[in-house]
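Computed from heavy atoms alone, side chains included, the values below leave out hydrogens, waters and symmetry copies. Computed from a predicted structure; not experimentally measured.
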Amino acid sequence: MQRYKAVVAYDGSGFSGYQIQPRGRTVQGEIEQVLRKLHKGEVIGVTASGRTDSGVHARRQVIHFDSPLKLSGEQWIKALNSLLPDDISFLKVEAARSDFHARFDATKKKYKYFLYGGLVRDPFKRHFAAHVRGAFDVKAMREAAEYLTGTHDFTSFCSAKTETDNRVRTLFELDIQEHGNELELTFVGDGFLYNMVRIIVGTLLDVGSGKMEISNIPGILAAKDRTLAGKTAPAEGLYLWEVYYE
């Protein structure tokens, strides 16, 4: 058996998330179904760097799987993409060492969140960016973001459904770029808790709209209380952008 490392992109708007579920269409389900066809009915499981929720996209999700087939990267890409639906694409496949693990070997991840302001929503962006009515104070959002970078217990900024008890994470970068009425937020960290990025975005939007003071952020972090942070921002603005390995 050969272990393969693959990079996958997908439009999450048509999925109930990455991970297989009893009901609903999933990215993992589609990939494993195609692998089963290529292996003449044999079940080939795939492991990802992490899960993405319903409606969340991935530009470069990383997965691994084991296969007895000895194919080149180009052959894998051609075979897989010819059978997959149009909203999933394999970008790269390569042989990996036998103990490579897409999740546990990842050293950091990059997420991006895209949103735009204004009174009127754009129907052509509805699956790929979040719409926020009105304008926002980007300078204030950047000042608030400075409190969130570094190593913190992010209990206040994760869902109550978060499975791990260790909520300490390091956020290396939280950058906000403004393009007209559009914002692009970049997050780079050693790991992310369930809904962490979306809750941080919702909190920064509260700051940007004047609903929350910048000075509240340190207290929210220290309190470890989810009810003090902002709402969870919509899924459609979020992208798993890159996964990094040694």
Side-chain angles (χ1 to χ4, degrees), residues 1-12 15 17-20 26-32 34-35 38 44-53 56-81 84 87-114 148-152 154 157-158 162-175 177 184-198 200 238-246:
M1 297 287 278
Q2 173 65 56
R3 177 152 295 187
Y4 291 95
K5 174 186 175 184
V7 180
V8 185
Y10 50 85
D11 168 1
F15 295 102
Y18 169 82
Q19 190 175 41
I20 285 179
T26 66
V27 177
Q28 182 183 6
E30 295 284 357
I31 292 173
E32 291 189 354
V34 166
L35 284 171
L38 293 174
I44 303 293
V46 300
T47 300
S49 69
R51 294 175 283 182
T52 52
D53 289 340
V56 176
H57 315 291
R59 178 177 174 268
R60 295 181 66 84
Q61 169 72 282
V62 176
I63 67 170
H64 78 253
F65 62 91
D66 297 327
S67 171
L69 301 180
K70 305 299 183 184
L71 302 179
S72 69
E74 292 76 11
Q75 288 172 323
W76 274 116
I77 289 172
K78 183 177 180 181
L80 290 162
N81 288 344
L84 282 165
D87 47 5
I88 306 176
S89 286
F90 272 72
L91 306 180
K92 184 178 182 180
V93 182
E94 61 183 355
R97 66 178 194 275
S98 61
D99 63 345
F100 170 77
H101 198 285
R103 178 183 173 191
F104 297 133
D105 287 351
T107 56
K108 57 184 180 180
K109 294 180 181 178
K110 177 188 288 186
Y111 282 88
K112 284 183 180 282
Y113 195 94
F114 295 89
L148 296 168
T149 56
T151 302
H152 306 284
F154 283 97
F157 295 91
C158 69
T162 300
E163 296 174 354
T164 180
D165 292 329
N166 178 13
R167 275 84 184 279
V168 176
R169 296 293 185 272
T170 299
L171 195 55
F172 302 113
E173 178 185 346
L174 204 179
D175 179 65
Q177 294 295 320
E184 175 184 334
L185 291 84
T186 301
F187 298 77
V188 179
D190 62 356
F192 292 87
L193 301 166
Y194 187 35
N195 282 348
M196 178 174 157
V197 172
R198 291 167 59 190
I200 290 176
L238 183 60
Y239 296 70
L240 173 57
W241 204 257
E242 188 82 52
V243 185
Y244 299 91
Y245 298 87
E246 293 291 348

Exercise. Do Met1 and Pro68 have side chains that get closer than 4.5 Å, going by heavy atoms?
Worked result: yes
Exercise. Does Thr151 have any side-chain contact (heavy atoms from CB on, under 4.5 Å) partners at least two apart in sequence or in another chain, and if so, which?
Worked result: Val168, Thr170
Problem set entry | Test item: Gln2 side-chain N/O and Ala96 main-chain N/O as donor-acceptor pair under 3.5 Å | yes
For this session: Indicate yes or no for a side-chain donor-acceptor contact from Ser89 to the backbone of Leu91 under 3.5 Å, with no hydrogens or angles considered.
Result: no
Exercise. Thr164 side chain to Asn166 main-chain N or O, any donor-acceptor pair under 3.5 Å?
Worked result: yes
Problem set entry | Phe15 side chain reached by Glu30 side chain, heavy atoms, under 4.5 Å | yes
Exercise. Rounded to the nearest 0.5 Å, what separation is found between the OH atom of Tyr18 and the CD1 atom of Ile31?
Worked result: 5.5 Å
For this session: For Gln61 and Gly50, indicate whether the former's side chain and the latter's backbone hold a donor-acceptor pair under 3.5 Å.
Result: yes
Problem set entry | Gap separating the CD1 atom of Ile44 from the CG atom of Asp66, nearest 0.5 angstrom | 8.0 Å
For this session: Evaluate the side-chain proximity of Val46 to His64: yes if any heavy-atom separation is below 4.5 Å, no if none is.
Result: no
Problem set entry | Option passing ring-ring contact (aromatic ring centres under 6.0 Å, His included) with Tyr111 (candidates Phe172, Phe192, Phe187) | Phe192
Exercise. What are the two closest non-hydrogen atoms of Arg59 and Ala9, and how far apart are they?
Worked result: O-CB, 3.3 Å
For this session: Please test Tyr113 against Tyr239 for ring-ring contact (aromatic ring centres under 6.0 Å, His included), starting from the C-alpha separation and ending with a verdict.
Result: CA-CA 6 Å; Tyr113 195 94; Tyr239 296 70; 8.5 Å; no
Exercise. If we only count heavy atoms from C-beta on, is the Glu74 to Lys78 side-chain gap below 4.5 Å?
Worked result: no
Exercise. Do side-chain atoms of His57 reach the backbone of Asp11 as a donor and acceptor pair under 3.5 angstrom?
Worked result: no
Seminar exercise, completed: Interatomic distance, CZ@Arg51 vs CD1@Ile20, rounded to 0.5 Å, equals 13.0 Å
For a quick test of your reading: what N or O donor-acceptor pairs under 3.5 Å do the side chains of residues 97-108 make, sequence neighbours left out?
from: Arg97; atom 1: NE; to: Asp99; atom 2: OD1; distance (Å): 2.6
from: Arg97; atom 1: NH2; to: Asp105; atom 2: OD2; distance (Å): 2.7
from: His101; atom 1: ND1; to: Arg103; atom 2: N; distance (Å): 3.1
from: His101; atom 1: ND1; to: Phe104; atom 2: N; distance (Å): 3.1
from: Asp105; atom 1: OD2; to: His101; atom 2: N; distance (Å): 3.0
from: Thr107; atom 1: OG1; to: Tyr244; atom 2: O; distance (Å): 3.2

For this session: Please report the closest heavy-atom contact between Ser67 and Tyr4, naming both atoms and the distance.
Result: CB-CE1, 4.0 Å
For this session: Calculate, to the nearest 0.5 Å, the distance between atoms CG and CG belonging to Asp175 and Leu185 respectively.
Result: 8.0 Å
Problem set entry | Check: Trp76 ring centre within less than 6.0 Å of Phe90 ring centre | no
Exercise. Is Val27 close to Ile88 at the side-chain level, that is, under 4.5 Å between some pair of heavy atoms?
Worked result: yes
Seminar exercise, completed: side-chain hydrogen bond (donor to acceptor under 3.5 Å, both in side chains) with Glu242: of Lys112, Arg60, Lys110, only one passes, and it is Arg60
Exercise. If you measure only the distance, is there a donor-acceptor pair under 3.5 Å linking the side chains of Thr186 and Glu173?
Worked result: no
Exercise. Are the side chain of Gln75 and the backbone of Ser72 linked by a donor-acceptor contact shorter than 3.5 Å?
Worked result: yes
Exercise. Under a 4.0 Å N-O cut-off, is there an ion pair linking Asp53 with Arg198?
Worked result: yes
